[in-house]
Amino acid sequence: MPTVLCDQSETACSSGHVDDDNLWVSAAELTAATGWSLKPEGFCKGEICVAATSANTAPLIQDNRINVSGFWRHLGHPVVHDDTSTVWALGASARDRASALQSTEAPDFSLPDLSGQMTSLTELHGKKVLLATWASW
Amino acid sequence: MWQALYAENQDHNFTVVTVAMDSPEAARPWVEAVNPSYPCLIDRDHCVAELYNMVNVPQAVWIDEAGLIVRPPENAGSSDAFRFMDRETKQMTPEQVAERESMKSNYVNAVRDWIAKGSESEHVLEASMVRSRVRLPNDNIALAHAHFRLARYLRRESDPGQAAVHFSKASELHPDSWNIWRQAAEKDATGLAVGPEFWARVDALANRPYHLPVDI
């Protein structure tokens with residue numbers, strides 16, 4: 001069963017079907033894996049919608065399945081998978097990352113501490129935050 | 001490294017948040033030894049390095065009360081003195097130790113100045129300066145992070161052999177990232193990625209810095 005890695009989520013897609021370099025999943029699993037939903041106006045996430053068809057891409061919808069990898073590439077994001085096409089990482093484009101940084105709003109994230117307690121940057125609004133990285137290696 | 005600064009300033013609307021570019025198992029002994037009272041977050045897939053386009057540790061970002069970046073990611077006061085230490089004995093000369101300590105204290109003093117003076121601090125950068133200083137990712141870097149994410153999952157869940165393939169792709173695509181390279185590299189008994197390959201990679205920098213100098 002293919003697994004989709006997107007942002008921090010890992011979603012096993014029981015509807016997943018691989019053909020060549022494409023991963024097809026049900027509409028429900030598209031939403032579970034990526035947060036994007038198929039609506040009459042196209043693929044939508046929050047207030048943003050993009051057309052479900054494009055002259056420049058292979059068909060993105062066929063037999064009630066969605067080509068999630070094709071859709072992701074259509075958005076301009078990187079897609080990579082392992083040799084056996086069982087694990088798919090849906091990345092984020094340099095363009096999106098760069099424009100977020102250029103806005104000077106600190107990109108938000110939510111991460112666990114060692115006990116599993118989650119903290120997100122937005123929870124700390126109202127304080128000055130020194131965000132510092134380190135590693136054991 | 002940050003507990004003292006945090007303890008003396010936690011009542012001044014200031015917090016430290018550390019993010020370990022690491023697995024929880026590897027980070028745990030270090031966190032438990034210091035047991036800090038600020039959030040110590042674990043970023044096993046290096047999401048923060050990707051979001052902020054960071055390439056090394058320690059790097060730090062200053063974020064003001066409104067959630068705006070007032071200093072983009074930069075070296076948090078580490079020096080390159082380690083490159084010139086005696087690699088057998090791990091000893092540094094007194095001058096090297098002094099350089100290392102002075103860079104660290106300069107950086108921490110700048111943070112103190114910011115905590116005290118807020119936007120009036122000379123170290124706080126205007127938005128236009130933040131934009132011109134921040135390093136932006138390119139397509140290869142974005143693709144490298146996708147390979148790295150895949151590799152971390154494969155190593156953790158299923159297939160360390162395949163993981164190695166994607167770790168190397170990530171490093172090839174983003175050769176400036178020590179985070180990516182060292183996370184995947186062989187570790188010694190103390191958990192440090194400081195084998196011959198590490199030193200060969202450091203030496204290959206020649207005149208280029210390992211820790212970019214801080215302009216603070």
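Chain letters run A, B, ... following the sequence lines, proteins first, then strands; residues in each count from 1.
- The line from CD of B:Glu157 to CD of A:Glu10 is 6.0 Å long, rounded to the nearest 0.5 Å.
- Put simply, CZ on A:Phe109 and CG on B:Leu41 are 6.0 Å apart, with the number rounded to the nearest 0.5 Å.
- When all heavy atoms of B:Asn53 and A:Leu101 are compared, the pair lying nearest together is CB-CD1, 4.2 Å.
- How far CG of B:Leu136 is from CZ of A:Arg97: 13.0 Å, rounded to the nearest 0.5 Å.
- The minimum heavy-atom distance linking B:Arg149 with A:Ala89 is given by the pair CG-CB, 4.5 Å.
- Contacts between A:Leu121 and chain B at a heavy-atom distance below 4.5 Å involve the side chain alone, from C-beta outward.
- For B:His166, the part sitting under 4.5 Å from any heavy atom of chain A is the side chain, from C-beta outward, and nothing else.
- A:Ser136 and B:Ala26 make their closest contact through OG-CB, 3.5 Å (heavy atoms, listed as atom of the first residue, atom of the second, distance).
- For B:Asn9, no part lies under 4.5 angstrom from a heavy atom of chain A.
- When each of B:Tyr52, B:Tyr6, B:Phe198, B:Trp62 is checked for heavy-atom pairs under 4.5 Å with chain A, B:Tyr52 comes out on top.
- In this structure, chain B has no heavy atom under 4.5 Å from any part of A:Ala100.
- In this structure, CD on A:Gln102 lies 10.0 Å from CD1 on B:Ile69, to the nearest 0.5 angstrom.
- Contacts of residues 75-85 of chain A with chain B at a heavy-atom distance below 4.5 Å involve A:Pro78, A:Val80, A:His81, A:Asp82, A:Asp83, listed in sequence order.
- Looking at B:Gln162, only its side chain comes within 4.5 Å of chain A, counting heavy atoms on both sides.
- Only the side chain of B:Pro39 comes within contact range of chain A, judged by heavy atoms closer than 4.5 Å.
- Counting non-hydrogen atoms of neighbouring residues, nucleotides and ligands closer than 6.0 angstrom, the CD atom of B:Glu120 reaches no more than 12 such neighbours.
- Heavy-atom distances place the side chain of B:Val134, and not its backbone, under 4.5 Å from chain A.
- More than 12 heavy atoms of other shown residues, nucleotides or ligands fall within 6.0 angstrom of atom CD in B:Glu101.
- Contact between B:Gly118 and A:Lys128 at its shortest, heavy atoms only, is CA-CE, 3.7 Å.
- Remark: B:Arg131 CZ is packed, more than 12 non-hydrogen atoms of other residues, nucleotides or ligands lying under 6.0 Å away.
- With a 6.0 Å radius and a threshold of 12 heavy atoms from other residues, nucleotides or ligands, A:Glu41 has its CD atom above the threshold.
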After noting the C-alpha distance and the side-chain angles of B:Val19 and A:Leu111, does the key distance pass the side-chain contact (heavy atoms from CB on, under 4.5 Å) rule?
-> CA-CA 9 Å; B:Val19 176; A:Leu111 287 170; 3.9 Å; yes

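- Between B:Trp30 and A:Trp134, the ring planes lie tilted relative to each other; the angle falls in the 30° to 60° range.
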Evaluate the side-chain contact (heavy atoms from CB on, under 4.5 Å) criterion for residues A:Lys127 and B:Glu65: first the C-alpha distance (whole Å), next the side-chain angles of each, then the deciding distance (0.1 Å), finally the verdict.
-> CA-CA 5 Å; A:Lys127 288 186 180 188; B:Glu65 293 87 338; 5.7 Å; no

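- Interface remark: B:Asp64 contributes backbone atoms only to the contact with chain A (heavy atom separation under 4.5 Å).
- For B:Asn138, the part lying near chain A is the backbone, with the side chain staying farther off; criterion is any non-hydrogen pair under 4.5 Å.
- Neither the backbone nor the side chain of B:Trp181 comes within contact range of chain A; no heavy atoms are under 4.5 Å apart.
- Summarising the geometry, atom CG belonging to B:Leu51 is positioned 8.5 Å from atom CG belonging to A:Asp108; distances are rounded to the nearest 0.5 Å.
- For A:Thr3, the part lying near chain B is the side chain, with the backbone staying farther off; criterion is any non-hydrogen pair under 4.5 Å.
- Chain A forms more heavy-atom pairs under 4.5 Å with one residue of B:Leu5, B:Val57, B:Asn179 than with any other, namely B:Val57.
- In this structure, chain A has no heavy atom under 4.5 Å from any part of B:Ile141.
- Contact of B:Cys40 with chain A is made through the backbone alone, with heavy-atom distances under 4.5 Å.
- Other residues, nucleotides and ligands contribute over 12 non-hydrogen atoms within 6.0 Å of the CE atom of A:Met118.
- Of the atoms belonging to A:Leu5, heavy atoms from both backbone and side chain fall under 4.5 Å from chain B.
- The parts of B:Ala27 that come within reach of chain A are both its backbone and its side chain, each placing non-hydrogen atoms under 4.5 angstrom from that chain.
- Only the side chain of B:Trp2 comes within less than 4.5 Å of a heavy atom in chain A; its backbone stays farther off.
- Between A:Gly91 and B:Ala146, the shortest heavy-atom contact is CA-CB, 4.3 Å.
- Within a 6.0 Å sphere centred on CG of B:Asp113, other residues, nucleotides and ligands contribute more than 12 heavy atoms.
- If you measure heavy-atom distances from B:Arg71 to chain A, you find no contacts under 4.5 Å at all.
- A distance of 14.0 Å separates CH2 of A:Trp137 from CG of B:Asp188, quoted to the nearest 0.5 Å.
- Contacts of A:Asp96 with chain B are absent, with no heavy-atom separation under 4.5 Å from either backbone or side chain.
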Where do A:Val87 and B:Leu150 land on the side-chain contact (heavy atoms from CB on, under 4.5 Å) test, with the steps shown first?
-> CA-CA 7 Å; A:Val87 186; B:Leu150 177 61; 3.4 Å; yes

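- Of all the listed residues (B:Val48, B:Val111, B:Asp45), the one sharing the greatest number of non-hydrogen pairs under 4.5 Å with chain A is B:Val48.
- Heavy-atom contacts from other residues, nucleotides or ligands closer than 6.0 Å to CG of A:Asn64 number 12 or fewer.
- Using a 4.5 Å cut-off between heavy atoms, B:Val16 contacts chain A through both its backbone and its side chain.
- The two residues B:Ala60 and A:Leu130 have their closest heavy-atom pair at CB-CD1, 4.0 Å.
- Heavy-atom neighbours of chain B within the stretch residues 23-39 of chain A, taken at a separation under 4.5 angstrom, are nonexistent.
- Looking at A:Ser93, the atoms closer than 4.5 Å to chain B (heavy atoms on both sides) all sit in the backbone: N, CA, C or O.
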